[in-house]
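Shown next, in structure tokens, is the structure this report addresses.
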Amino acid sequence: MLEELRKQRIKEIEELREKGVEPFSYRYEKTHNTKDIKDLFDEKLKAGEILEEEKVSTAGRVMSLRDHGKSAFFHIKDSEGRIQVYIRKNAVGAERYEIFKKYVNVGDIVGVKGFPFKSKTGELTIFVEDFEILSKAIRPLPEKWHGLKDKEVIYRQRYLDMISNDESLERFKTRYKVIRLFRDFLNERGFIEVETPTLVYVTGGAEAKPFVTHLNVFDIDMYLRIATELYLKRYIVGGFEKIYEIGKVFRNEGISYKHSPEFTSMELYWAYADYNDIMELVEDLLSYVVKEITGSTKVMYQGVEIDFSKPFRRIKMRDFIKEHLGVDILEDSDEKLLKVLKDHEVEVPIKSRGHLINKLWDLVEDKVVQPTFLLEHPVEISPLAKRHREDPRVTERFELIIYGREIANAFSELNDPVDQYQRFLEQVKLREAGDEEAQMMDKDFIRALEYGLPPTGGLGIGIDRLVMFLTDSPTIRDVIAFPLVNPKSLDEEIEYEEEVE
RNA sequence: GACCCGGUAGCUCAGCAGGUAGAGCACCUGACUUUUAAUCAGGGGGCCGCGGGUUCGAAUCCCGCCCGGGUCACCA
């Protein structure tokens, strides 16, 4: 059926060309988009009224079509919405009308010129005086009423999802608006957007398994970055004081509703600031973004109201775990931590102190729903954070937790090269003990610190996870336009008939 | 990686006590100048995910595999 349909459409394209009509145009003067037209005329017009002097020219994809013989109604969709269009034989002429009737189908992209009116039933409509086929579709669209439901097709052919499910297009518009708001906010505060390498010799800045690739010119293996942190700090050493980078990072790990091997982070470094300054900045940034997106400080996520008004709640990791599990991550022995984990039936493949602490946190993180700063992580699990000025066992670090998920991670950056070197050594030991996610020694980074990194506050935010909240998306794949999919050997055969006749 | 659910027309889905494969939308032909899931008449369209087995006979039952979704595990 699909093949027959495609052939039919390809044949129609030939016929159009024989009639001197090119079904793939070069450009179209679009004076208004669908939203402009609604903004201008929707309130002005009553049912049955016309505004013949107001000329509009717009374009979009035909989403529905109701043919009435000598006239037809259809809806076109553009990036801003949908609008109804009315075409009538005696208005465009018999010849043009025949072209429309015979050759325009749902799915085609057309341009229309005319004037606005309101139908009997009160829907704002464009009365067509002239139209043009701008791009003829060869494949049929999914069902107009139910839309596209098949998750596999939604992820593999996102364009089709965006065409047929309006909320999908809107979701991605929101995503990119959020990113723009981040830039607006930070630029306004004097932060400069910079770039760091994607291909790196050693990974750092996070604990994750990297993707490995090969660089032919030097014949060496390289990695895709797992974070932008260590290069951004080099900028600060070099003299930049307020910088940020928004970009993809790559972690060769599992896929879940909140994990994607390729995701977007925003990292920021602010010289002469500490984690308290960063906390305030995060509150300001997020409440600003949320307000611009939703109009208030509140977001409904999966039926739960999340309030981003500041200040956010602050809890200390040690206190929170002690309160809920009765164990002290700073004072109690490894054995005691392990026993608590065993009591909760948690398996611990790697029995380092850091892993035990992380596992304990995992047990309680679900209890944090509203935006909360989780403070003062132990040194063992924070190899790049500065020790707390009042307690050297913990760091000046915080994570922003929302709905049990880590959204941001920040600290007063460790700028003591000797301490940093020792922390890296600890990580290397873990690595040698089989922890593939432990950090690598980055000697050039140490060298940079030896030239002097000013006191600096740093921050990383998971953009995708934040966008999930702002679009009420249950999985991270819903906010990544083209998520990773199994390539499968499904590549369908696409054949074009040879020219006949 | 384990378990659960699913894969039938381009799309959304039904059919599964085993007996020649269905609907709606979309498509094609015709009618219709204010419809909006337009309407009316007619028509075409299927490797029922793939491979094997049981059976006179499999979309339906059994086994294996592939792909997807979900839960858990792994994981920031």
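All chains are named by letter (A, B, ...) in the order of the sequence lines, taking the proteins before the strands, and each is independently numbered beginning at 1.
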Anti or syn - B:A17, cut at 90° from 0: syn
For B:C3, the Watson-Crick or wobble partner whose two distances fall under 3.5 Å: B:G70
Flag if over 12 foreign heavy atoms under 6.0 Å of NZ, A:K316: no
Per-nucleotide protein contact string for nucleotides 70-76 of chain B (B base, S sugar-phosphate only, - none; heavy atom under 4.0 Å): S---SBB
Parallel, tilted or perpendicular: ring planes of A:H32 versus A:F41, cut at 30 and 60 degrees: tilted
Heavy-atom protein contacts under 4.0 Å, nucleotides 21-33 of chain B, coded B base, S sugar-phosphate only, - none: ---BBBSS---BB
Sugar-phosphate only, base, or nothing, as touched by A:G48 at under 4.0 Å among non-hydrogen atoms: nothing
Touch class at under 4.0 angstrom, heavy-atom based, for A:Y97 against every strand present: nothing
B:A26 to B:U12 separation - C1' atoms, rounded to the nearest Å: 11 Å
Between C1' of B:G69 and CG of A:D150, the distance in whole Å: 10 Å
Charged tip of A:R96 within 45° of A:F131 ring normal and under 6.0 Å: yes
pair A:V85-A:I87: side-chain heavy atoms closer than 4.5 Å: no
Nearest-angstrom distance, P atom, B:A17 to B:G6: 14 Å
Rounded distance in Å - CG (A:L148) to P (B:G69): 13 Å
Separation of B:C11 C1' from A:E152 CD (nearest whole Å): 15 Å
C1' atoms of B:U60 and B:G45, separation to the nearest Å: 23 Å
Separation of B:C11 P from A:R156 CZ (nearest whole Å): 14 Å
Paired nucleotide for B:U39 [Watson-Crick or G-U wobble; both distances under 3.5 Å]: B:A31
Plane angle bin for A:F320 and A:H324 - parallel if under 30°, tilted between 30 and 60°, otherwise perpendicular: tilted
A:Y275 and A:H388 aromatic ring geometry - parallel, tilted or perpendicular at 30°/60° bounds: perpendicular
Sugar-phosphate only, base, or nothing, as touched by A:K120 at under 4.0 Å among non-hydrogen atoms: base
Value in whole Å for how far the P atom of B:U34 lies from CD of A:Q84: 12 Å
Gap between atom CD of A:E4 and atom CD of A:Q8 - 0.5 Å precision: 9.5 Å
N/O (side chain, A:R66) to phosphate O (OP1/OP2, B:A38) under 4.0 Å: yes
A:E426 with A:R423: basic N within carboxylate O range, under 4.0 Å: no
Under 3.5 Å on both distances, the Watson-Crick or G-U partner of B:C56: B:G19
A:I154 CD1 to B:C11 C1', straight-line distance once rounded to whole Å: 12 Å
Derivation and outcome, side chain to side chain donor-acceptor pair (under 3.5 Å), residues A:R225 and A:S265: CA-CA 11 Å; A:R225 65 184 180 190; A:S265 81; over 6 Å; no
Protein-nucleotide distance (A:R82, atom CZ; B:A37, atom P), rounded to Å: 13 Å
Test side chain to side chain contact (heavy atoms under 4.5 Å, CB included) applied to A:R393 and A:L330, A:V379, A:I329, the passing residue: A:L330
Nearest-Å distance once atom P is located in both B:C11 and B:A73: 35 Å
Between B:C25 and B:G49 - P atom distance, rounded Å: 25 Å
Nearest-Å distance once atom P is located in both B:U20 and B:G57: 15 Å
Short N-O contact, A:K322 and A:D319, less than 4.0 angstrom: no
Length of the CD-C1' vector between A:E345 and B:A2, whole Å: 16 Å
C1'-based separation of B:U35 from B:C40 [nearest Å]: 15 Å
